[in-house]
> 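The structure under discussion is supplied below as structure tokens; questions concerning it will follow.
Throughout, protein chains are lettered first and strands after them, A, B, ... in sequence-line order, and every chain is numbered starting at 1. As a basis for the values below, the full set of heavy atoms in this structure was taken, side chains included, without hydrogen atoms, waters or symmetry mates. Predicted, not measured: the structure shown is a model, and the values here were computed from it.
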Amino acid sequence: MSSRPQNFKGMRDHLPAAMILRQHIIKTLTDVFERHGFEPLQTPIIEYARTLEGKIGDEEKLIYHFETAGGDKVALRYDQTVPLARVVAQYQGQLVFPWRRYAIGQSYRGERQQRGRYREFWQADVDIVGSASPIADAEIIAVLTEALQALGFSGFTTQLNHRQVLAGIARASGLDEAAASSVYRAIDKLDKIGPDGVHEELLKSGVAAEAAGRILAMVQMHGAPMDVLEELSEQLAGDERAQAALENLRTILGFLPELGVPANTYTVAPQLARGLSYYTGVVFESVLESPPMGSLLGGGRYDELVGAFAGRPIPTVGLAFGIERLHDLMEELGMGPAQRTIADVFITIFDRAGTAESLKLAQELRAAGLKVETALDSGDKLGKQFKYADQRGIPFALVLGPDELARGEVVVKNLRAGEQRSVARANIAAALRS
RNA sequence: GGGAUGUUCGUCCAGCGGCCAGGACACCUGACUGUGACACAGGCAACACCAGUUCGAUUCUGGUACAUCCCCCCA
């Protein structure tokens, strides 16, 4: 009784049909990123453990640690932001700032698997490093909006907030910084557990009933973004840092129309907290109304992390798309490319004598830019070859037998429609494209 | 890390103390020797693993592994 082979828990294999969708997602994102001038970056998935330690807060227990045979303490990267900070510090002299870069690859977190959460997951990160300009923040929001649209999503909402608005709400409720973190966690669950649930959690974390009521009132504000900002401004009057944050949000939002971000794709959401470990300014995430899938992406401004290795402040704003979630959602919603395979056409081999001509034809069509697969066994019957091509989902099969060779033609068979016709060899590529 | 539920041919499902463990789809093989699909006829193929209870376990109990989902946290 041999044990069945099995992939490691929480990690997935992606068979060709899934990979076609994933590559479509990655290509679409890459196109959008590059249209905005972002350059590609790739870093190893293994880092020295010390590089990752102390950077992401109390979730370090989720980092995969191990020791190499040579005694090096290493870790699988937890995200692509800390590696970015490392790269910035290491190659300062070779990079031109502000630096726009994107990185698409996998990260690892040792947590229990759940919907939309895996132990190995791909993210597409986009960041503008070395600029504190609100134009940079706005551009990141423009990129995210454009990318979701390019993928075919509609009805998504990007919720925006600012760390200092959150802090201001805590201050206005008489809470000190130490108490704040559990408060942020509680209010961030508003959408999930409702006002009553949040109220309960606030009380549980030691917030007075009156303060909890004020927090809830502020956090539940909704309406047109500029109106919400105005209301918050009144509620947080006298708090300079909060006022500056609100002004910053106003400025960022002001650039959005020109950057092509439709007003119905974003809201100001005072309850949005996100992973608080390193964000310092604007924070945001995009969600889909349904099906439920957590956030599709998340990000914000973090002005301290990147400079931590470099030893000088390097303000940065960026975000991470969750490729797994985009993938799962698009699969569920039937979005993305319809084809099951990448090949455009299958070329049969009629018999041993015709093998050379079939292979030659394949090269001609490949040179013309088509994706071509040939039969591999000159002894197989045509019927078997057709069946194979059909099972693979290849739309066309070509037959090059003695009759066709004599006439300088090729039979083009449409496997979906079941029709076939004879086409002059020179015109095949064109016939397949039409 | 804590918790809930689940695991039967490749896939989806049935069975439920004793069965040759059943079906559908998929797959393989047949007739057609320049043509797949449809139909037909055959065939391959499973009780996740380890203990326990029992005369007897796929079925009951416990554990393990894995999966789905929740908490935590996040993409």
> Distance check, C1' atoms only: C40(B) and U59(B), in whole angstrom units.
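Straight-line distance between the two C1' atoms is 38 Å.
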> Between atom CZ in F156(A) and atom P in A75(B), what is the gap in whole Å?
18 Å
> Report yes if the distance between the aromatic ring centroids of Y102(A) and F321(A) is under 6.0 Å, otherwise no.
no
> I want to check a possible cation-pi pair here: R119(A) against Y108(A), using under 6.0 Å from ring centre and within 45° of the ring axis as the test.
no
> Cation over ring, R109(A) on Y78(A), under 6.0 Å and within 45°?
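Because its charged atom sits under 6.0 Å from the ring centre and within 45° of the axis, R109(A) does stack over Y78(A).
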> Using atom NZ of K192(A) as one end and atom P of C69(B) as the other, report the distance to the nearest whole Å.
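In whole Å, C69(B) P lies 13 Å from K192(A) NZ.
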> So how far is it from L29(A) CG to H24(A) NE2, rounded to the nearest 0.5 Å?
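Taking CG in L29(A) and NE2 in H24(A), the distance rounds to 9.0 Å.
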> So what does F321(A) hit on the nucleic acid, given a heavy-atom distance under 4.0 Å: a base, only sugar-phosphate, or nothing?
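Since no nucleic acid heavy atom lies under 4.0 Å of F321(A), the category is nothing.
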> Using atom CD of E332(A) as one end and atom P of C69(B) as the other, report the distance to the nearest whole Å.
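Spelled out: CD on E332(A) to P on C69(B) is 9 Å.
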> Does any N or O donor sit under 3.5 Å from an N or O acceptor when you compare the side chain of R325(A) with the base of C74(B)?
yes
> Can a salt bridge be assigned to the pair R50(A) and E60(A) using a cut-off of 4.0 Å between side-chain N and carboxylate O?
no
> Using the C1' atom as the point on both nucleotides, what is the distance between A24(B) and G30(B), in whole Å?
22 Å
> Please report the distance separating the P of A48(B) from the corresponding atom of G15(B), rounded so that it comes out in whole Å.
15 Å
> On a whole-Å scale, what distance lies between the C1' atoms belonging to U7(B) and C28(B)?
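To the nearest whole Å, 28 Å.
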> Let me check something: any side-chain donor-acceptor pairs from residues 405-413 of chain A under 3.5 Å, sequence neighbours excluded? List them with distances.
residue: R407(A); atom: NE; partner: E409(A); partner atom: OE1; Å: 3.0
residue: R407(A); atom: NH2; partner: S422(A); partner atom: OG; Å: 3.3
residue: E409(A); atom: OE1; partner: S422(A); partner atom: OG; Å: 2.9

> Contact class for L296(A) (heavy atom, under 4.0 Å): base, sugar-phosphate, or nothing?
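Answer is sugar-phosphate: L296(A) comes under 4.0 Å of backbone atoms only.
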> Without decimals, in angstroms, what is the distance between L62(A) CG and G2(B) P?
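Rounding to the nearest Å, CG of L62(A) and P of G2(B) are 14 Å apart.
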> Look at atom CZ of R433(A) and say whether more than 12 heavy atoms of other residues, nucleotides or ligands are closer to it than 6.0 Å.
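Yes, CZ of R433(A) has more than 12 neighbouring heavy atoms, counting only those of other groups under 6.0 Å.
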> Can you tell me which stems RNA chain B forms when a stem means 3 or more consecutive Watson-Crick or G-U pairs under 3.5 Å?
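Ordered by first number, the stems with RNA chain B (at least 3 consecutive pairs each) read B:1-7 with B:65-71, B:10-13 with B:22-25, B:27-30 with B:40-43, B:48-52 with B:60-64.
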> Pick the P atom in G34(B) and in C38(B), then give their distance to the nearest Å.
23 Å
> Summarise how protein sits on nucleotides 29-37 of chain B as a single string, 5' to 3': B when a protein heavy atom is under 4.0 Å from the base, S for sugar-phosphate-only contact, - for no contact.
-----BBBB
> Between atom CD in Q113(A) and atom P in G1(B), what is the gap in whole Å?
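Q113(A) atom CD is separated from G1(B) atom P by 14 Å.
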> When you check the phosphate oxygens OP1 and OP2 of C27(B), does a side-chain N or O of Q391(A) lie under 4.0 Å from one of them?
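For Q391(A), the contact criterion (side-chain N or O under 4.0 Å from OP1 or OP2 of C27(B)) is met.
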> Which nucleotide, A75(B), C71(B), C27(B), lies nearest any side-chain atom of Q114(A)?
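The answer is C71(B), which lies nearest to the side chain.
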> If you assign each of N7(A) and I323(A) to its closest nucleotide in RNA chain B, which residue comes earlier from the 5' end?
N7(A)
> From the set C66(B), C70(B), A75(B), return the single nucleotide nearest to any side-chain atom of R274(A).
A75(B)
> May I ask you to verify whether the side chain of Q106(A) and the base of A75(B) hold a donor-acceptor pair under 3.5 Å?
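Not at all, since no donor on one side and acceptor on the other fall under 3.5 Å apart.
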> Please state the C1' separation for the pair G1(B) and U54(B) - nearest whole angstrom.
38 Å
> Using the benzene-type ring in the case of Trp, are the ring centres of Y388(A) and F346(A) under 6.0 Å apart?
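Here the rings of F346(A) and Y388(A) have centres that are less than 6.0 Å from each other.
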> Could you give the distance separating G18(B) and U58(B) at their P atoms, to the nearest angstrom?
10 Å
> From C-beta outward on R109(A), which listed nucleotide comes closest to its side chain: C69(B), A67(B), C74(B)?
C74(B)
> Base, sugar-phosphate, or nothing: which does G10(A) touch, judged by heavy atoms less than 4.0 Å apart?
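The answer is sugar-phosphate, as G10(A) gets under 4.0 Å only of primed atoms, P, OP1 or OP2.
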> Please indicate whether H222(A) has more than 12 foreign heavy atoms, meaning atoms of other residues, nucleotides or ligands, lying under 6.0 Å from its NE2.
no
> Please determine if R163(A) forms a cation-pi arrangement with Y279(A), meaning its NZ or CZ atom is less than 6.0 Å from the six-membered ring centre and no more than 45° off the ring axis.
no
> R112(A) CZ to A67(B) P: how many Å, rounded?
10 Å
> How many whole angstroms separate atom NZ of K189(A) from atom C1' of C72(B)?
8 Å
> Identify whether the distance between the nearest side-chain nitrogen and carboxylate oxygen of R100(A) and D127(A) falls below 4.0 Å.
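Salt bridge absent between R100(A) and D127(A).
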> Round to the nearest Å and state the distance from K9(A) atom NZ to G1(B) atom C1'.
12 Å
> Roughly how many Å apart are G42(B) and C25(B), using the P atom of each and rounding to a whole number?
14 Å
